Participant: 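This is the structure, below, for whatever I ask next.
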Amino acid sequence: MRNYEIMFIVRPTLTEEEIKKVAKNFENVLTTNGANVTNVKEMGQRELAYEIKKFKNGYYYVMTLEASDDKAINEFDRLAGISSDIIRHLITKLED
């Protein structure tokens, strides 16, 4: 099993309920593709260091997960890249 950490920023124009739904949907993308999400941390709304897609703030989420292959990671990366609700994401492979 490989360990990963995924950080993503949800656009701030959504309601609190919609933001949680986006995070839950992306967590489901990971679990349905074989990953085991071990921790989801909601960091809350924070000011961005620089403007991203005309937004100055965003809601931060950090997920840690285990996956036996890259299927779940690749699917998350693909969907986060085309989603208008995610303004930035970063996938990091953690060392054992």
Side-chain angles (χ1 to χ4, degrees):
M1 289 288 220
R2 297 182 197 125
N3 295 318
Y4 294 93
E5 181 177 82
I6 298 176
M7 187 279 305
F8 61 95
I9 305 170
V10 180
R11 65 186 171 102
T13 55
L14 299 175
T15 66
E16 188 174 331
E17 183 180 299
E18 291 171 326
I19 290 169
K20 290 181 188 228
K21 185 177 177 186
V22 168
K24 193 66 175 166
N25 287 343
F26 277 95
E27 184 179 347
N28 289 340
V29 166
L30 292 167
T31 55
T32 56
N33 285 290
N36 178 27
V37 178
T38 56
N39 190 18
V40 178
K41 189 184 229 183
E42 183 180 345
M43 305 291 285
Q45 185 172 359
R46 297 180 178 218
E47 188 174 338
L48 303 172
Y50 52 89
E51 199 170 283
I52 302 172
K53 296 183 182 177
K54 301 188 179 178
F55 294 112
K56 295 183 182 197
N57 296 308
Y59 284 89
Y60 281 68
Y61 279 87
V62 178
M63 292 184 180
T64 54
L65 58 117
E66 297 175 334
S68 57
D69 58 15
D70 293 341
K71 182 181 174 190
I73 299 300
N74 292 338
E75 185 65 6
F76 179 94
D77 192 34
R78 184 183 75 80
L79 292 175
I82 60 177
S83 173
S84 62
D85 295 331
I86 304 285
I87 59 174
R88 183 67 46 99
H89 69 283
L90 176 70
I91 301 170
T92 306
K93 183 179 175 189
L94 301 175
E95 294 297 320
D96 295 332

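The figures that follow rest on heavy atoms only: side chains count, while hydrogens, waters and symmetry mates do not. Because the structure is predicted, anything quoted here is derived from the model rather than measured.
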Participant: Return the set of residues passing salt bridge (Lys or Arg N to Asp or Glu O under 4.0 Å) with R78 (not counting sequence neighbours), or none when no residue passes.
Facilitator: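 R78 satisfies salt bridge (Lys or Arg N to Asp or Glu O under 4.0 Å) with E75 only.
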Participant: Residues two or more places apart in sequence or in another chain: which of them pass side-chain hydrogen bond (donor to acceptor under 3.5 Å, both in side chains) with E18?
Facilitator: T15
Participant: Once side-chain hydrogen bond (donor to acceptor under 3.5 Å, both in side chains) is applied, do any residues pair with T31, and if so which ones, sequence neighbours excluded?
Facilitator: none
Participant: Excluding sequence neighbours, so at least two apart, what forms side chain to side chain contact (heavy atoms under 4.5 Å, CB included) with A72?
Facilitator: L30, N33, A35
Participant: For residues 47-56, which residue pairs qualify under side-chain hydrogen bond (donor to acceptor under 3.5 Å, both in side chains), counting only residues two or more places apart or in two chains?
Facilitator: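 Found Y50-R88.
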Participant: Got a sec, which residues hit side chain to side chain contact (heavy atoms under 4.5 Å, CB included) with N74, two or more places apart in sequence or on another chain?
Facilitator: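 Testing N74 for side chain to side chain contact (heavy atoms under 4.5 Å, CB included), a comparison that skips the adjacent residues, returns D70.
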Participant: Only counting residues at least two apart or in another chain, list the ones meeting salt bridge (Lys or Arg N to Asp or Glu O under 4.0 Å) with D77.
Facilitator: none
Participant: I'd like to check the side chain to side chain contact (heavy atoms under 4.5 Å, CB included) partners of S68; sequence neighbours left out, ordered by chain and number.
Facilitator: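 Applying side chain to side chain contact (heavy atoms under 4.5 Å, CB included) to S68 gives M1.
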Participant: Just to verify, what does T13 make a side-chain hydrogen bond (donor to acceptor under 3.5 Å, both in side chains) with, not counting sequence neighbours?
Facilitator: R11
Participant: Run the side-chain hydrogen bond (donor to acceptor under 3.5 Å, both in side chains) test against Q45 and tell me which residues pass, sequence neighbours left out.
Facilitator: Y59
Participant: Could you note down all residue pairs passing ring pair (Phe, Tyr, Trp, His ring centres under 6.0 Å) where residues 23-45 supplies at least one of them, sequence neighbours left out?
Facilitator: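 Sorted pair list: F26-F76.
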Participant: List the residues meeting side chain to side chain contact (heavy atoms under 4.5 Å, CB included) with A23, not counting sequence neighbours, and say none if there are none.
Facilitator: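 Listed in chain order: F8, Y61.
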